[in-house]
Engineer: 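One structure is given below, represented as C-alpha cells, and several questions about it will come after.
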Amino acid sequence: MPEIPSLKGQISFNAQHSPMGAFMSFTCGHFGSGGGIGVEVGRPAKQNLIVGVKRGERRAKAPVRCLPFSTGDAGGGAANYDAERAAAGGTAPTIVHYPADQITRQYGWATDTWNTPEFTFSLYTPFGSLPSPAADREAFRSALLPAVIATLRIDNREGTMTRTGVFALDFPDPGTRLLEGDGETQSAGRRGFAWRRQMGALGMLEEGGEGLWAFQRWSVPDGLADVNPIHALGSCGGLAFEVPAGQVRTLVIAIGVYLDGIVTTGLEGKYYYTRFYSGLEDVLGAALDRSRELRTKASEIDAKLLDSGLSADQQFLIAHGTRSYYGSTQLLDVGGEPFWVVNEGEYCMMNTLDLSVDHAFWELEHNPWVVKNLLDNFVRHYSYTDGIKRPDGTIGIGGISFCHDMGANNNFSARSHSSYELPNLTGCFSYMTQEQLCNWVLLAGCYVAKTNDVRWAKDNEHVLRACLESLNARRGPEAGDWMRYDAARCGSGSEITTYDSLDESLGQARNNLYIAVKRWASYAALRMMDMAAGLGGFIAHQAGAEMEAFPAKLAKMAQRDGMMPAVFEPGNPGYRSRILAACEALVYPWYWSMFGKAFDGGVGQTKLLVDVLRKHTTALLDDEERRNLFADGGLKLSSTSNNSWMSKIAIFQHVCRGIFGMVEDAKVRQMFEEADKSHVKWQTEGSSYWACCDQIINGEGKASRYYPRIITTALWMDRRGVPAQMNAANAKSAIR
C-alpha cells in the first residue's frame, strides 16, 4: 500500500470519524478544544480527550505527554495544562502537550494518523455500500456497525525505561462507568468504559496479554497513579497499558454508540442498527472482533485516493468532505421499513432536498436504494400542491412541489411542511418551491439513469407528469421561458434559492439565471426518463419543446463579452452580478450520459446552450478585475457577495474541467490549482474547529458548518469524457 504523505501547513483542525448511518462522530484534531464522541449533535463533542504517554510505570510521578486535544484537568485545574506557566513557578504539570513542531499528521481517505516522538495514534473510518433492504442479517450487521476503530502504538524498542500509554475521555456530564463485561471478555484482556448506555470505548492489546487496565477517576493522573484507580463518582474513563523497554505495544480501541428505542417524533423511528445489535457492549465487542478487517479496508480506500492522480489539495478536500458527510447520516426504522436521513450539519435539518440532489452522485455510486427511498418519502410525506402569484395579485394554477426538508433535530415536520420555510419573507427562511421541484426531478433523473429502474419510473409516471405541469405553470407565457411567478405559499414574500443567504444574484429565484438553467436540466430529466422507461412520449414531447426553445432565449441575454446577468431584471441589483453557478446544472445531464441515457433525445439546441454557458464562464474567469475570485485566490460564486459554498464550487470546477475542458488552458489550470490551495486553507484555518464547513465568507467558515454536502468533491474522482451532445464546437477555453 502507498504511504500517506504528511500534511503540509496547519494540522490543527477537527475531523469527523464516523460509521455509516449512526448520526455519530468521534471528532478530534483541533488543538485545545477537546472533542470525543458526539451523537445526534451538529457540532464537535465537548469531552476532554487525552491521548498520550507517561515516561515510567503507571504510578511514576511524571507528567503525561499528550496530543494537544485536551482542554482542562479536573484533578489539578486548568493551570496544569499550561506547561510554560507551571515551569515559571507553579505546580509541576500533570499533563503537558507536545508542541506542534513535534507532531505530524497523515490524512487519508479513511485513515487519520498523528505521529509524535513517542507514539502513533490512528483513527480508521472505512466506508462502503449499504446493503439493500432485501439483504441478509449478516450483511446489515456488518455495514451498520455504529463504531470506529482507533489504535495507540508505542514503540519502546529504543527506550531504556518503561512507558505507560493512555487513552481517556473526561465527560462533562455525570454518567461515566466502567464496562464490567462477562468472564469471557475479561479473560480476553478487553477493558472499557462508557457514558451511561449510549457511548463508550472498549480496548485490547494487539500483542495479547493482560497488561491493559481501565480506570475511572476525576482526572487521568489520578487514574494512573492513585492507589484507587476506580471511583464510581469519577467523570473520566480511560484505558492504560505499560510498555517495557525494548518492546512494542498497540492498544486497539473500538469507539461506538448505541441508542435504543424511539429517537424521532412526528414519524416515530429507531435506529436500524438496533435490529442487529443488542446493546453498546455488543457493538464494541463486534468492532474489536473486526478491527483488523476494518483497518485493512481503510488502507485500501486510502490507496484508491492516493492513486487517483488528483493533486494533494484535491485529495484533502475529498477526504475531508467524505468524513463530514458520513457524520450526518442516519438510517432509521420507521414502521418496520428503512428510512434514510442525511442531517444538514450544524442545523440538523433532515433530508434537506437541495443537499440531497447534490449527495446523489455519491449515494448512487455506493447505495442507490437510499436515493429511491428519499424520492418515495418526499412524495409520500413531503410533497404539496400550490398556486402561483400573478402580477395582478390573483392566484393562478401552480402544481406539485416538495418541501425544503423533512424536519430538524430528530423531529419530523408535519406532513407537507418543512422546518425551514415560512411565508411573507424575501430572504432566508422563505419558500424554495421552484428549486425543490427541480431538485426532486433531477434526483429522479439521476436515479433512473444510474439504475435503469424503469419500473419505478412507470409507477411514478403520474408524479412525473405533475412535475412537468408544475414546471410549465411557473414560467412565462412562452415555451422556453424562465421562472416568472412566485409560489402562493410565499404570501407577501418571494421565493429564494438554496443560496438563501446571498444577495439577489443567487438569493432570488424569480428571473434568476441559475434557476433558469436548472429548469432546463429538469425538462431534460423528464424527457430522458420518458424515453428510458417508454412512458408513451407525452412527457418527452412537452419537455423537448421547452428544451428546444430555451437556449436561444438565454443567448439573447448575453452581453458583449458573453457574460449574462444573474437576474434578468435590469432594475434589480442582481442584474449587475456575475455568477459562476450559471453552469452548475450541466453536471446532471453529463452524469446521465455516463450511463448511456440520451438526455436530449435529438433536441438540437443543447450544444448552443453549452456554448453560451461556456462563453459566460470564460468571461468571468478572464475578468481583469478578478470579481469572481477572493483575495486569496479562492472562487467566488457571485461577484457581488463574499459568501461562497465549497460544495457548489466543487460542482462548478467539475463542469469546467469535465464538460468545458477548460483546464486544457494553462491559465485556468493555474487558477484552479491556486484556488484549491486556498480552499484547503478555508477548511484547515478558517474553519478549523468545525471539521468541515460549506459556507465561507472571506475565507472563514461562518455558517453551514459540520456539513455533509462537500461530498460533491468526490465528483473529481470521475474522469469520464464529455458526451457528444454536450460538446459544442468551441471545445476549448477562450481564456487568454
Side-chain angles (χ1 to χ4, degrees), residues 16 18 21-25 38-44 263-269 271 321 324-332 334 339-360 362-363 370-371 373-375 377-378 380-384 401-423 425 427-433 435-440 443 489 495-502 507 643 645-648 690-695 701-712:
Q16 296 196 64
S18 307
F23 199 6
M24 166 265 189
S25 175
V39 190
E40 299 182 335
V41 292
R43 58 176 301 128
V263 296
T264 61
T265 68
L267 298 174
E268 292 191 340
Y271 280 96
S324 199
Y325 165 80
Y326 279 115
S328 286
T329 62
Q330 186 177 33
L331 184 60
L332 298 171
V334 176
F339 198 115
W340 178 249
V341 174
V342 180
N343 293 274
E344 191 181 349
E346 66 171 319
Y347 309 130
C348 293
M349 283 183 281
M350 305 163 74
N351 286 337
T352 301
L353 187 49
D354 39 274
L355 272 70
S356 298
V357 72
D358 291 338
H359 298 158
W362 178 263
E363 291 174 345
V370 306
V371 177
N373 187 263
L374 274 168
L375 290 164
N377 283 326
F378 266 105
R380 184 178 300 119
H381 301 289
Y382 293 101
S383 61
Y384 61 91
S401 190
F402 303 88
C403 298
H404 168 272
D405 61 75
M406 296 183 178
N409 299 298
N410 274 12
N411 300 310
F412 281 100
S413 294
R415 190 179 184 89
S416 302
H417 289 80
S418 71
S419 68
Y420 176 96
E421 292 159 306
L422 296 171
L425 300 174
C428 276
F429 310 122
S430 186
Y431 278 87
M432 300 182 187
T433 307
E435 182 157 16
Q436 303 308 350
L437 170 61
C438 292
N439 287 337
W440 188 91
L443 189 63
R489 279 197 177 195
E495 282 189 48
I496 59 174
T497 78
T498 185
Y499 297 97
D500 51 4
S501 58
L502 262 71
N643 203 343
W645 272 261
M646 186 60 235
S647 61
K648 296 298 193 176
W690 284 98
C692 194
C693 186
D694 200 12
Q695 195 174 160
K702 295 292 189 179
S704 301
R705 300 171 294 193
Y706 222 52
Y707 219 66
R709 188 163 59 182
I710 305 89
I711 193 64
T712 54

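Computed over heavy atoms, backbone and side chain alike; hydrogens, waters and symmetry mates excluded. Positions are given from 1, in the same order as the sequence printed here. It should be emphasised that the depicted structure is a prediction, and the values quoted were computed from it without experimental measurement.
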Engineer: How long is the gap from SG on Cys438 to CG on Leu443, to the nearest 0.5 Å?
Structural biologist: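 If I round to the nearest 0.5 Å, the distance is 12.5 Å.
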Engineer: Please step through salt bridge (Lys or Arg N to Asp or Glu O under 4.0 Å) for the pair Glu346 and Arg705, ending with a clear verdict.
Structural biologist: CA-CA 6 Å; Glu346 66 171 319; Arg705 300 171 294 193; 3.0 Å; yes
Engineer: Do the non-hydrogen side-chain atoms of Asp405 and Asn351 ever get within less than 4.5 Å of each other?
Structural biologist: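 They are not in contact (no side-chain heavy atoms under 4.5 Å apart), so the answer is no.
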Engineer: I'd like to check the side chain to side chain donor-acceptor pair (under 3.5 Å) partners of Ser324; sequence neighbours left out, ordered by chain and number.
Structural biologist: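 Ser324: side chain to side chain donor-acceptor pair (under 3.5 Å) contacts with Gln16.
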Engineer: So does Thr433 get a backbone contact from the side chain of Glu495, meaning a donor-acceptor N/O pair under 3.5 Å?
Structural biologist: yes
Engineer: Would you please name every residue forming a ring pair (Phe, Tyr, Trp, His ring centres under 6.0 Å) with Phe339, sequence neighbours left out?
Structural biologist: Phe412
Engineer: If the condition is side chain to side chain donor-acceptor pair (under 3.5 Å), which residues does Asp358 pass it with, not counting sequence neighbours?
Structural biologist: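 Asp358 satisfies side chain to side chain donor-acceptor pair (under 3.5 Å) with Tyr588, Lys648 only.
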Engineer: Taking only residues two or more places apart in sequence or in another chain, which ones pass ring pair (Phe, Tyr, Trp, His ring centres under 6.0 Å) with Tyr420?
Structural biologist: His404, Phe429
Engineer: Quick one: side chain to side chain donor-acceptor pair (under 3.5 Å) partners of Ser647, sequence neighbours excluded?
Structural biologist: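 Listed in chain order: Asp694, Arg709.
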Engineer: Under the side chain to side chain contact (heavy atoms under 4.5 Å, CB included) test, which residues partner Arg489, sequence neighbours left out?
Structural biologist: Tyr384, Asp386, Ser416, His417, Tyr431
Engineer: Can you tell me how far apart OG (Ser418) and CE (Met350) are? Round to the nearest 0.5 Å.
Structural biologist: 13.0 Å
Engineer: Taking the side chain as every heavy atom from C-beta outward, state whether Leu332 and Thr264 have any pair of such atoms under 4.5 Å apart.
Structural biologist: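 Yes, their side chains come closer than 4.5 Å.
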Engineer: Can you list everything that forms a side chain to side chain contact (heavy atoms under 4.5 Å, CB included) with Thr329? Sequence neighbours excluded, please.
Structural biologist: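 So Thr329 forms a side chain to side chain contact (heavy atoms under 4.5 Å, CB included) with Tyr325, Tyr326, Trp340, Val342.
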Engineer: Just how far is it from atom OG of Ser430 to atom CD1 of Ile496, taken to the nearest 0.5 Å?
Structural biologist: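 That separation rounds to 5.5 Å.
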Engineer: Quick check: do Met646 and Thr712 have side-chain heavy atoms less than 4.5 Å from each other?
Structural biologist: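 No. Closest side-chain heavy atoms not under 4.5 Å.
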Engineer: Rounded at 0.5 Å granularity, tell me how far CE in Met406 sits from CG in Asn377.
Structural biologist: 5.0 Å
Engineer: In Å, rounded to the nearest 0.5 Å, how long is the span from CE of Met349 to SG of Cys403?
Structural biologist: 13.0 Å
Engineer: Suppose we screen for ring pair (Phe, Tyr, Trp, His ring centres under 6.0 Å). Which residues come up paired with Phe402, at least two apart in sequence or across chains?
Structural biologist: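 Listed in chain order: Trp440.
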Engineer: Any side-chain donor-acceptor pair under 3.5 Å between Ser401 and Gln436?
Structural biologist: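 Side-chain D/A pair, Ser401 to Gln436: absent.
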Engineer: Return the set of residues passing salt bridge (charged side-chain N to carboxylate O under 4.0 Å, His left out) with Glu40 (not counting sequence neighbours), or none when no residue passes.
Structural biologist: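 Result, salt bridge (charged side-chain N to carboxylate O under 4.0 Å, His left out) vs Glu40: none returned.
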Engineer: Who are the side chain to side chain donor-acceptor pair (under 3.5 Å) partners of Tyr499, not counting sequence neighbours?
Structural biologist: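 Counting only residues at least two positions away or on another chain, Tyr499 forms a side chain to side chain donor-acceptor pair (under 3.5 Å) with Glu584.
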Engineer: In Å, rounded to the nearest 0.5 Å, how long is the span from CG of Asn439 to OG1 of Thr498?
Structural biologist: 7.5 Å
Engineer: Heavy atoms, side chains only, cut-off 4.5 Å: are Tyr707 and Leu355 in contact?
Structural biologist: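 Touching, per the 4.5 Å side-chain cut-off.
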Engineer: Determine whether Val263 and Tyr271 make a side-chain contact, defined as any pair of heavy atoms from C-beta on separated by less than 4.5 Å.
Structural biologist: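 In short, these two side chains touch, coming nearer than 4.5 Å.
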Engineer: Do Met432 and Thr497 make a side-chain contact, defined as non-hydrogen atoms from C-beta onward lying under 4.5 Å apart?
Structural biologist: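 Contact flag for Met432/Thr497 side chains = no.
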Engineer: Under 3.5 Å, side chain of Tyr706 to main-chain N/O of Gly42, donor-acceptor pair present?
Structural biologist: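 Looks like no, no N/O pair under 3.5 Å.
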Engineer: Hey, could you give me each pair passing salt bridge (charged side-chain N to carboxylate O under 4.0 Å, His left out) that has a residue in residues 410-422? Not counting sequence neighbours.
Structural biologist: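 Salt bridge (charged side-chain N to carboxylate O under 4.0 Å, His left out) check on residues 410-422 returns no pairs.
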